[in-house]
Amino acid sequence: MKVLLVNKFNFIKGGADKYFLDLADLLSARGVKVAKFAMRHPNNLPDKWSQYWPSGINFDHFQLGNFFKYLSHIFWNREAARQFEKLLVDFKPDIIHLNNIYHHLSPSILPVAKRHGVSVVMHLHDYKLVCPNYKMFARGRIDESAKGGHYWRCVNKRCIKNSYLKSALAAAEMWLHHKLLKVYENNVDLYIAPSHFMKQKMVEWGVPAEKITVLYHFIDARKFKPDWRPGDYWLYFGRLDKEKGVDKLLQAMVKVKPGQPLKIVGSGPEYKPLKALAKKLGLGSRVEFVGPKYGDVLKKIIARAYVVIIPSQWYEVFGLVNLEAAALGKFVIAADIGGIPEAVQGKHTALLFQPHNVDDLAAKMNWCWTNRRAVAEGGEEAREFVIKNFSPDKHFAGLLKIYERFTPPRS
């Protein structure tokens, strides 16, 4: 079988990119021929198919002189469509597996696949298919006001980086792609959601249930060496943004018995505001902002933690952080929201707290502080739970069933 994997980045910038790269390795290791299509970027990993990739663009540093270039990438990237067709003709895939293409590659590539008679499955890593700002989260809270195609409400609320212009562009993009052209509806054969919660939410927003299947993410626990010794700090690792709820974690620390410090690993727009909040709450000596860490360095930090805390306030599509923590034998305290509960085994491997509820989070942390044996045993159970339910083999078997639904039998 030959699979063409598509994602805007060929390096790890976020969770979708990590899955894209891990998936390429997973398929290749099991004898599937893989080609990748991404945009050119200085941080990309080397790839033999990169000669086909279109030019990239950086939306993080807005420049007015590039305004029309931004528009072409957001609405309909013709260069991406041309290069994609060249790769299709050369590689001749049996199926195309999309990941994140929004705002860079654009859905211009989808009609190309349709013309060549190649089926397309699309992995949903966020809510961009239905919600202009990806998250169903704005102004510090869950926001589903755009449901039913009311994209203009995103503009009123400046739901994209507090900007009228960026919000208007996102709303216009949604209107063009979904209302006028229906480019996803007409060209994607199946959507893959990483949790039942996400599937339910997408159906609520108008995506036909029969076009969505659920396949949990995977993790290769063999690559994670647990440290069974009790750690000496609480840990948060991930992006520092409002929807991640790290401010609530800091507020909870005030109510937690002194003894264990908190390490915060990551970067993002809330880095400085969170440092200021920690100082304001008098937590300077109890909280350490480590900055972003990756690979083996991050694994060591996780393995030496006591408990990993996931205080999310938005509809997390899954709980990949849970899997990484569990693979390293760590007990988790997590918000009971979105797809997170599907990544844990009840109270045996994690404690769930009510989102936004600082007192509930603090109570769960204090329970962990006084029940060290249960925390240690829970960490061991968590690793076994992940090995059993989220293995690469299980994920590959699920993918193969999906692919075979949309690929013609070989003669």
Side-chain angles (χ1 to χ4, degrees), residues 195 197 216-217 219 221-238 244-246 248-265 283 286-288 290 298-313 316 318-391:
S195 66
F197 175 89
Y216 290 140
H217 285 316
I219 191 167
R222 295 170 300 179
K223 297 180 180 179
F224 292 75
K225 184 179 180 181
D227 187 340
W228 300 116
R229 293 171 297 178
D232 58 2
Y233 51 84
W234 311 102
L235 176 65
Y236 169 86
F237 66 97
K244 295 300 185 179
V246 183
K248 300 297 188 294
L249 173 55
L250 292 175
Q251 293 166 25
M253 277 292 290
V254 177
K255 302 172 181 287
V256 172
K257 299 172 185 176
Q260 291 196 139
L262 167 66
K263 287 184 184 288
I264 295 176
V265 178
L283 296 170
R286 297 179 63 191
V287 178
E288 179 185 0
V290 180
L298 177 58
K299 288 178 182 177
K300 287 181 181 178
I301 293 174
I302 300 170
R304 293 170 182 170
Y306 181 51
V307 169
V308 173
I309 303 174
I310 306 167
S312 293
Q313 303 181 96
E316 292 276 3
F318 185 58
L320 191 56
V321 170
N322 294 59
L323 301 193
E324 292 172 344
L328 288 161
K330 296 294 108 176
F331 194 80
V332 166
I333 301 174
D336 188 1
I337 193 169
I340 289 176
E342 297 178 49
V344 300
Q345 189 182 22
K347 63 182 180 180
H348 296 290
T349 63
L351 291 177
L352 299 177
F353 72 94
Q354 185 179 358
H356 302 273
N357 191 326
V358 172
D359 290 334
D360 192 21
L361 172 55
K364 297 297 193 297
M365 294 173 73
N366 282 322
W367 183 91
C368 288
W369 177 241
T370 55
N371 290 272
R372 298 181 70 83
R373 181 175 178 178
V375 167
E377 291 175 350
E380 293 182 23
E381 285 190 44
R383 179 173 165 86
E384 292 303 314
F385 176 69
V386 164
I387 291 172
K388 180 179 178 181
N389 293 281
F390 304 102
S391 69

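Owing to the predicted nature of the structure, the values given are computational and were not obtained by experimental measurement.
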**Request:** Working to the nearest 0.5 Å, report the span between CD1 of I387 and CD1 of I219.
**Result:** 10.0 Å

**Prompt:** Looking at residues at least two apart in the chain, or sitting in another chain, which of them share a ring-ring contact (aromatic ring centres under 6.0 Å, His included) with F353?
**Reply:** none

**Residues forming a side-chain hydrogen bond (donor to acceptor under 3.5 Å, both in side chains) with K299, sequence neighbours excluded** = none

**Message:** Let me confirm one number: the CZ-CZ distance from R372 to F331, rounded to the nearest 0.5 Å.
**Reply:** 13.0 Å

**Request:** Go through the steps to decide whether F237 and L298 satisfy the test side-chain contact (heavy atoms from CB on, under 4.5 Å), and finish with yes or no.
**Result:** CA-CA 9 Å; F237 66 97; L298 177 58; 4.2 Å; yes

**Set of side-chain hydrogen bond (donor to acceptor under 3.5 Å, both in side chains) partners for E377, sequence neighbours left out** = R373

**Prompt:** In terms of ring plane angle, is the pair H217 and F318 parallel, tilted or perpendicular, where the classes change at 30° and 60°?
**Reply:** perpendicular

**Fill in**
The reported gap from CD in Q354 to CG in D336 (rounded to nearest 0.5 angstrom) is 9.0 Å

**Message:** I need the K364 NZ to L352 CG distance, nearest 0.5 Å.
**Reply:** 8.5 Å

**Asked** Nearest 0.5 Å, what's the CG-CD1 distance between L235 and I333?
**Response** 11.5 Å

**Item:** Non-hydrogen side-chain atoms of K330 and I302 separated by less than 4.5 Å
**Value:** yes

**Whether N357 side chain and D360 backbone form a donor-acceptor pair below 3.5 Å** = yes

Mind listing the side-chain donor-acceptor pairs of residues 305-313 below 3.5 Å, one per line with the distance, residues two or more places apart or on another chain?
{"unit_1": "Y306", "atom_1": "OH", "unit_2": "C368", "atom_2": "O", "d": "2.6"}
{"unit_1": "S312", "atom_1": "OG", "unit_2": "E316", "atom_2": "OE2", "d": "2.5"}
{"unit_1": "Q313", "atom_1": "OE1", "unit_2": "K248", "atom_2": "NZ", "d": "3.2"}
{"unit_1": "Q313", "atom_1": "OE1", "unit_2": "H356", "atom_2": "ND1", "d": "2.9"}
{"unit_1": "Q313", "atom_1": "NE2", "unit_2": "K242", "atom_2": "O", "d": "2.9"}

Which pairs would a plain distance check flag for residues 249-265, meaning a side-chain donor or acceptor within less than 3.5 Å of a matching protein atom at least two apart in sequence or in another chain?
{"unit_1": "K255", "atom_1": "NZ", "unit_2": "D359", "atom_2": "OD1", "d": "3.3"}
{"unit_1": "K263", "atom_1": "NZ", "unit_2": "E288", "atom_2": "OE1", "d": "2.6"}

**Complete:** Here the gap from N371 atom CG to L351 atom CG, rounded to the nearest 0.5 Å, amounts to 9.0 Å

**Asked** Any donor-acceptor pair under 3.5 Å linking the side chain of T370 with the backbone of W367?
**Response** yes

**Request:** Taking the side chain as every heavy atom from C-beta outward, state whether V287 and W234 have any atom pair closer than 4.5 Å.
**Result:** no

**Prompt:** Between R304 (side chain) and G231 (backbone), is there a donor-acceptor pair under 3.5 Å?
**Reply:** no

**Request:** State, to 0.1 Å, how close P226 and F224 come at their nearest heavy-atom pair, and which atoms those are.
**Result:** CD-O, 3.3 Å

**Prompt:** Under the ring-ring contact (aromatic ring centres under 6.0 Å, His included) test, which residues partner F385, sequence neighbours left out?
**Reply:** F390

